[in-house]
Structure formats: structure tokens, C-alpha cells
Amino acid sequence: MKKDILILLIVSIIIGSIAAGSLSMASNAYFSKTLGNLVGDSGEYDVIITVREEMKQDSADYIQKIIQDTMPSAIFKEGPTLSGKTSFFIGLPESLKTKETYDNLNKIFGSIPGGSAVGVLTEPRLTVRGVPEGAKKMLMARIGQIDGVKFTFNDGGSIGVLLTNANKNNSVTQQIKTLLDQYQVIEISFPVGSEPANPVRSGENIARAMEQNLKLELAQNVSTDGKNDDMTYMVSTMIELKRFLTAYASQVVVAPSSGSVYHKGDILVFQGRAGAPPASGAAPDKNNVIVSVSAVRSDGSAEGSITQGDALDLTNLEAYSLVNNVVGNPVGVATYRSPRKELGSALGETSKLVSQVPGFAQNAQNMSKVAFGVLDQYNKSLSTMDQTLAAIENAGNTMQNATRGLANIDTTSLSSQVDNSAKAMGTLVNTLQVVKLLNGDVNGAISNLTTTQQGLNNVKSTLNALSNVASDARQAKVVVDDVVSKGQGAVQTLRSFDANGARSNLNDINSQLAQVQQVNIPLVTTQLQYMAAAIPNMKDDEINHSVALLDKFIAGQVIPGARIQILTTNNISTEAVQPLVESEVGHNNASLYSTALGVIEPDPRGQIMSVLAEVKAILAGLTAIAFTVVCLVLDHTALMTVYKRQRLAKKVQKKGISSMIQSVILLFTAKERRYGMAMGAILLTSMFILSGGGIPYLPWLGVPVVGAFLGLLVAVYTDKMNPVSNDEILAGEALGLSFREIMREIVIPSGRPGLWQKLNQRVMKFK
């Protein structure tokens with residue numbers, strides 16, 4: 001029997017493997033052919049263009065014209081139509097498989113009638129997705145330096161990587177993965193209403209703060225491609241223009257009247273330039289001022305923006321409700337502030353002030369000339385004071401002698417000399433008064449000189465009295481000594497004055513005044529006047545309509561309104577960046593995430609072929625499982641039933657726990673079950689190996705386990721699947737037939753029709 005079982009196993013495995021392999025190969029060939037019909041054979045086409053079905057003829061003519069003009073040696077083919085879309089395939093010659101060609105595919109085929117999408121089919125190829133716009137150029141340059149990369153190109157929002165050959169696929173994939181792991185992208189998201197006013201500028205500021213505060217070698221705002229996309233700068237400028245317009249739009253605040261409650265979005269109407277206040281129940285006049293409530297304050301008052309008219313037209317500040325374009329009852333009184341008007345007034349006043357700058361500079365220069373003249377006379381004045389003090393001192397000596405001979409003193413001449421000195425000192429005091437305008441340090445000297453001059457006048461009076469009263473000579477001597485002492489103190493104070501320093505300060509002042517005079521004051525004044533005249537010409541409704549238009553334009557551009565992406569090295573935590581973001585945007589509503597710079601996707605065709613290979617393996621595996629079950633049921637159940645009959649014939653009945661334990665043991669140790677598990681494991685494993693079968697998530701070690709389980713399951717119900725006649729077996733045993741002869745002559749011929757029954761016919765004796 002062992003030889004018969006071995007032959008049966010070999011034949012079953014061969015037939016099952018051929019059946020499983022044939023079915024899987026047939027299905028794989030069918031799917032591969034279907035894929036080839038959809039996207040062409042591998043390497044046959046390079047570009048796929050998808051258009052709407054109703055426009056396919058016009059699109060085909062247009063594509064052929066483009067190929068004729070720009071790609072005369074390219075291959076063109078119309079593909080199948082699926083779900084209302086028709087595909088066209090283009091095969092490029094090697095001379096056109098360049099970076100420039102692939103970068104410009106969207107431009108070349110972007111204006112096709114009914115065009116929907118342009119894709120790349122060239123192989124071997126990898127795709128790096130999820131790369132921020134601002135990091136694409138850097139990453140493409142780095143990937144282009146990897147061995148095995150032919151070139152990189154812009155594939156829509158991704159980076160396409162063409163390889164030199166398919167053998168480099170794994171190596172290039174690993175190197176790109178290593179490159180991507182060197183970077184990380186800090187993504188900053190904002191909830192609605194908390195977006196930064198200018199995300200482009202905010203991103204630059206956050207990146208700069210990260211470099212400075214976190215000591216990073218790399219921190220770059222990559223939210224947009226700021227180096228190559230001029231639209232980014234244009235939108236950034238528009239954002240700033242929007243901020244400017246919003247800041248200088250008139251601000252209207254309406255205090256509610258008794259019983260009135262405002263809500264965001266309410267419309268209020270004012271008289272404006274109309275001849276009469278709005279009438280309840282009527283439609284608003286075109287000359288009325290209409291305000292839209294943009295916010296409601298905690299005190300119930302409403303803030304609004306003017307959508308019709310201008311704030312300067314708000315002469316009557318009483319507000320009326322407007323519902324469904326019908327004027328209602330009065331609901332409050334408004335106050336308003338016009339930053340435009342305030343700015344215009346400020347610019348007008350500034351232009352007036354600027355126009356006075358040249359006159360002021362000229363007057364200051366004239367004053368400095370006077371100060372220079374005073375400084376030039378400074379040393380001469382000091383010499384005069386020295387001579388005067390010497391004369392006074394001589395006079396004092398003379399007075400001392402006058403006590404002995406007063407009659408010999410020429411009091412008239414001495415009085416005249418004292419008078420001249422007093423006048424000279426007065427001149428010096430006047431001179432120092434001019435110097436005082438530029439240098440306050442001479443104030444003490446002026447005071448001392450004034451005192452000295454007064455003393456000289458007293459000396460003069462005393463000398464006049466000497467001619468009549470000799471007894472006053474000694475008193476005059478005391479006065480003269482006091483005058484000399486104070487005069488010498490005044491001279492010492494004046495000599496401590498830094499005349500050269502004052503002259504240097506005057507030179508610096510003159511230099512600064514000269515620079516002021518070099519400023520083109522008329523140009524500045526003209527620009528200020530122009531701005532002052534232009535700003536009031538912007539009406540509030542024009543400002544609000546312009547802001548709405550800017551919002552529509554900005555929202556339509558590819559620019560992050562609620563997301564900022566910062567490229568940095570892969571060692572920064574979001575917790576370290578959070579305070580910098582809060583400092584820049586002014587709130588803590590931002591959410592920070594750390595993401596990879598990009599994700600590698602293999603060749604789409606390769607992915608499909610990989611899926612088809614898996615499908616092929618699954619079909620082979622399922623076929624092998626099915627064939628194993630069929631073989632076990634049709635062929636091996638005959639032998640397993642006989643084994644079970646023999647076991648039951650020798651079975652000793654036990655009761656209680658012993659019976660349960662025996663049943664559990666026999667579940668795996670009974671002869672027919674051991675045979676079924678062995679045959680199932682051998683059949684399934686052999687067919688899996690020969691047919692290339694495979695089941696997802698099922699390791700190879702699990703295949704014999706599955707086969708054994710199938711064999712065990714069949715063995716449990718073997719007598720129901722393939723019952724045998726006990727009487728015939730007993731008759732054979734009575735005739736003295738061996739077990740092998742009973743199987744060949746009685747059991748197998750009367751069992752289920754299968755492969756073993758066919759093989760058994762050649763060894764049967766009783767046919």
C-alpha cells in the first residue's frame with residue numbers, strides 16, 4: 001500500500017501543481033494584457049493624456065499636431081475609454097527623454113481641448129510625494145547626484161526620478177530614504193480665524209527666529225517656492241495692501257437704542273447725502289450710507305464697515321435697521337473715526353513743517369556766524385580786562401598814598417580811566433550774552449563781570465568824592481581792592497571756558513545744517529502733499545469692495561493661508577518651536593506637527609505588477625487548497641475510513657472523565673487523523689512550492705499547518721464522505737485477502753470516483 005500511496009501522492013501533486021500554476025498564469029496573462037491595453041506594455045509609452053470622451057477626436061487631432069510640430073519622431077496611440085475618459089499614449093524617442101521635456105509636459109499639452117490630465121509612464125521611475133514647494137529645488141538637486149539617477153523632474157506636485165536601469169531601483173530607493181531622513185518639516189496649522197495676516201512674512205520670521213534662538217544650521221520657510229514663484233511675492237504684496245486698506249477704513253460704532261439688539265451680519269442704514277432720513281418701509285436711497293455689522297461688543301454696541309457711501313457723509317448719525325432691502329425703525333446712534341482723514345491731516349501738517357526746514361536751517365547758520373564772531377573777540381576782551389584790572393590796582397596804590405598827600409592825586413584823570421574801563425567791561429558783558437545763546441557755561445562769568453562793572457562805577461563815584469572828601473580815600477581803597485579781587489576771579493572763570501570746544505561744536509552744527517539743506521525738500525513736500533491729497537479720495541465703500549476682491553484673489557492662489565512649513569534638520573522638537581510661533585503670531589492657537597520631507601512611491605506599473613504577482617500567487621494558493629481538499633475527499637477518505645473502522649472495532653468503551661480524555665487524545669492521535677494530517681500537509685506544501693502559491697499574511701511555515709488542518713477536518717468526517725461496506729470487507733477477510741488486496745479489490749473500486757480509482761484499475765484482478 002505504501003507504493004500505491006506514494007504513486008498517488010506524486011501524481012496528485014503534479015496534476016494539482018499544473019492546475020494551480022496554469023490557472024494563476026492564465027489570470028496573470030489576462031490582467032497583464034488588460035493593463036497593457038490600458039497603459040501599454042512596459043517601456044512602450046512615456047506619456048499618457050486623459051481627455052473627455054466627447055472631445056477625443058478634437059483632442060487627438062490637436063495632440064497629433066503638437067507631436068508633428070515639436071516631437072516628429074514620437075509614437076502616438078489612442079487608448080481605451082473608461083468612465084467617460086479616453087486615454088492617449090505617446091512614446092518619446094530617446095533624444096527627447098530629457099529633464100527639459102518632462103518639466104514642460106504640462107505646458108506642451110496643457111491647452112488640449114477637453115484635456116484632463118497629463119501623466120508620465122516612463123520606466124524605471126520613482127516618485128517622491130509630499131515635498132513642500134519651497135524644498136523641491138533643493139531636494140531635486142540632491143537626488144540628481146545619486147548614482148543610478150538619470151535626472152529628476154517636476155511631476156505635478158511631486159518629484160519624478162528617472163533611473164538609469166531597473167537594477168538600481170533598490171539602491172536609489174534606499175539612498176533617497178536616507179536623504180529624506182536627514183530633514184524634517186515643522187508644519188504649523190492655524191484654525192479658522194486665527195491665521196496670520198501675512199503667512200509668507202510670518203513664515204520667514206519664524207524661520208529666522210529658529211535659526212537665531214535654537215542655533216540651527218538650517219531653518220527655511222518652504223511653504224511656497226519663494227525663489228521661483230513671482231506670484232508668491234505678488235500675493236504677499238496684496239496681503240500687505242489689504243492690511244493697509246483695512247487699517248485706514250472708517251470705523252463705525254453704533255450704540256443701541258432702548259430694546260435694540262445687534263447681531264453679526266445685521267445691515268444698518270443712515271441718511272448720508274440723501275435729502276431726508278430713511279423712511280420706514282421704503283427701500284434705501286443710493287445716497288444713503290449702509291453699514292454691515294462685523295462684530296458686537298460686550299456692551300451691546302456694534303462695530304461695522306461701510307459697504308455703501310463714505311463716513312464723511314455721516315452728518316445724521318441716527319441708524320435704521322435694513323431687512324430684506326426694506327428700511328425699518330431707528331435702532332441706535334453712531335459714532336465714527338476716519339483714519340484716512342486723520343492721516344491726510346497729519347500728512348498736510350507734516351508737509352507744512354517740512355517746508356519750514358530750509359528757513360530754520362538758514363537762520364541757525366546765521367546765528368552760528370554771529371557766535372563765531374563772538375568767539376573771535378573773546379581773547380581781545382580778556383586782554384582788555386587784564387589791563388583794566390592793572391589800572392584799578394595802580395589806582396588803589398595811588399589811593400593808599402593819597403592818605404598822605406591827597407591833594408597830589410589827579411582824581412579827574414583817574415575817574416575818566418575808571419569810566420573807560422567800566423564801558424569796556426560792559427561791552428564784554430554784552431559779547432558774552434551772545435555766547436550764552438550757544439554755551440550756557442559763561443553764565444557765571446557774566447554775573448562776575450556785571451558785579452565788577454558795578455564796582456567800577458562805584459569807584460568812579462568814590463573818586464569824584466575824593467576831590468571833596470579826603471577821609472573817603474581809605475574807603476575807596478577797600479572798594480578798589482574788592483573790585484580787583486572779583487575781577488581777577490571773573491577773568492579766571494572766563495579763561496576756564498573752552499572756546500576751542502565751542503568752536504568745534506559750532507562746526508559740527510554747521511555740518512549737520514549743511515546736510516539738512518542738501519535734502520530735496522521740495523520733492524519730500526510734493527510727495528507728502530500728493531499722499532495727503534490721494535488718501536481722502538478713497539471712499540469707504542471702495543475700500544471694502546477692494547478688500548473683498550483681494551480676498552478672492554488671494555484665496556485662489558496656491559499659498560498657505562492656514563499652514564506654514566519650516567524645513568529644518570531632523571533633531572528639533574515641536575515643543576522647542578512652539579514659543580517662537582506664539583511670539584510671532586501673537587496667540588497660542590497654532591498646532592505644530594513634525595512630518596517627513598517626502599514619501600517615496602515606487603513605479604506605478606511596478607506596483608500594479610507587484611499586485612498582479614500577489615494575485616497570481618493567491619490564485620495558485622487557493623487552487624492548491626481546493627485541489628488538496630478534493631484529493632483528500634475523493635481519494636484518501638477511502639483509506640481513512642478503513643483505518644477508522646479498524647480503530648472503532650478495537651475500541652474499549654470508557655465512561656466519565658476517562659472517556660473525555662480519550663476523545664481528546666484520539667482527536668490528533670487516531671490513525672486515520674494522523675494519516676489525513678500528513679497527506680494534507682504534504683499535498684498542500686508540495687503544490688504551493690511547485691505552483692508558486694502564496695496567501696497574504698500566511699508564512700511558509702503555516703502552509704503545512706493549513707494542510708494538516710484540512711486533512712484533520714476531512715479525517716473527522718471521513719466515514720460520511722466516503723462510507724465503505726462492512727459486509728464486503730468481512731467477506732474479503734473471510735476469503736483470506738490481505739489488507740492491500742481488500743483495498744485494491746473492494747474498497748477503492750466501490751469508493752468515490754477519483755484519481756486513486758483510475759490508478760487502481762491497472763492492478764485490479766477482479767474487474
Side-chain angles (χ1 to χ4, degrees), residues 99 102-103 120 124-163 168-190 196 199-200 202-229 232 558-578 580-581 584 590-604 606-607:
K99 175 179 175 61
Y102 286 90
D103 280 338
V120 177
R125 183 178 90 256
L126 298 175
T127 303
V128 183
R129 300 190 183 277
V131 181
E133 287 295 324
K136 275 188 177 181
K137 185 176 180 181
M138 178 276 295
L139 187 58
M140 290 173 68
R142 295 287 301 274
I143 294 176
Q145 298 174 357
I146 296 176
D147 179 39
V149 174
K150 189 174 183 180
F151 60 81
T152 60
F153 62 94
N154 284 302
D155 187 8
S158 305
I159 296 176
V161 182
L162 283 186
L163 309 181
K168 297 285 187 179
N169 192 308
N170 293 335
S171 173
V172 172
T173 300
Q174 184 59 41
Q175 292 184 68
I176 294 177
K177 184 178 184 301
T178 302
L179 176 61
L180 294 176
D181 289 341
Q182 296 175 6
Y183 301 94
Q184 70 173 346
V185 176
I186 302 296
E187 188 170 301
I188 308 167
S189 300
F190 301 92
V200 177
S202 295
E204 297 293 340
N205 293 339
I206 293 172
R208 191 179 304 111
M210 290 174 62
E211 281 187 343
Q212 295 174 355
N213 297 340
L214 303 179
K215 309 301 180 183
L216 300 179
E217 295 181 359
L218 174 65
Q220 179 184 349
N221 178 23
V222 293
S223 306
T224 57
D225 189 0
K227 294 183 179 179
N228 298 320
D229 190 2
T232 300
V558 183
I559 186 169
R563 185 180 66 173
I564 294 175
Q565 294 171 302
I566 307 296
L567 176 65
T568 182
T569 51
N570 194 17
N571 56 3
I572 300 300
S573 65
T574 55
E575 289 78 8
V577 182
Q578 184 81 37
L580 304 179
V581 176
E584 169 62 25
S591 299
L592 276 69
Y593 307 94
S594 177
T595 62
L597 177 57
V599 178
I600 303 175
E601 288 188 2
D603 177 20
Q607 287 184 300

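When reading the values below, keep in mind they use all heavy atoms of this one structure, side chains included, and skip hydrogens, waters and symmetry mates.
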On a heavy-atom basis, the closest approach of A135 and L597 is CB-CD1, 3.9 Å
One should read off an interatomic distance between I188 CD1 and I206 CD1, to the nearest 0.5 angstrom, of 4.0 Å
Sequence neighbours excluded, the answer for side-chain contact (heavy atoms from CB on, under 4.5 Å) partners of Q175 is I146, S171
Residue pairs passing the salt bridge (charged side-chain N to carboxylate O under 4.0 Å, His left out) test with at least one member in residues 139-148, sequence neighbours excluded, are D147-K168
Sorted by chain and number, sequence neighbours left out, side-chain contact (heavy atoms from CB on, under 4.5 Å) with Q212 holds for R208
- Message: Has Q184 got a side-chain atom pairing as donor or acceptor with T569's backbone, closer than 3.5 angstrom?
- Response: yes
Review point. If we only count heavy atoms from C-beta on, is the V581 to I186 side-chain gap below 4.5 Å?
Key: no
Closest heavy-atom pair, V120 versus R125, reported as atoms and distance to 0.1 Å, is O-NH2, 3.1 Å
For L592 and T574 the tightest heavy-atom approach is CD2-O, 3.6 Å
OG1 (T152) and CD1 (I159) are apart, to the nearest 0.5 Å, by 7.0 Å
Backbone of N154 reached by a side-chain donor or acceptor of D103 within 3.5 Å:
yes
Q. So, T127 side chain and G160 main chain: donor-acceptor pair closer than 3.5 Å or not?
A. no
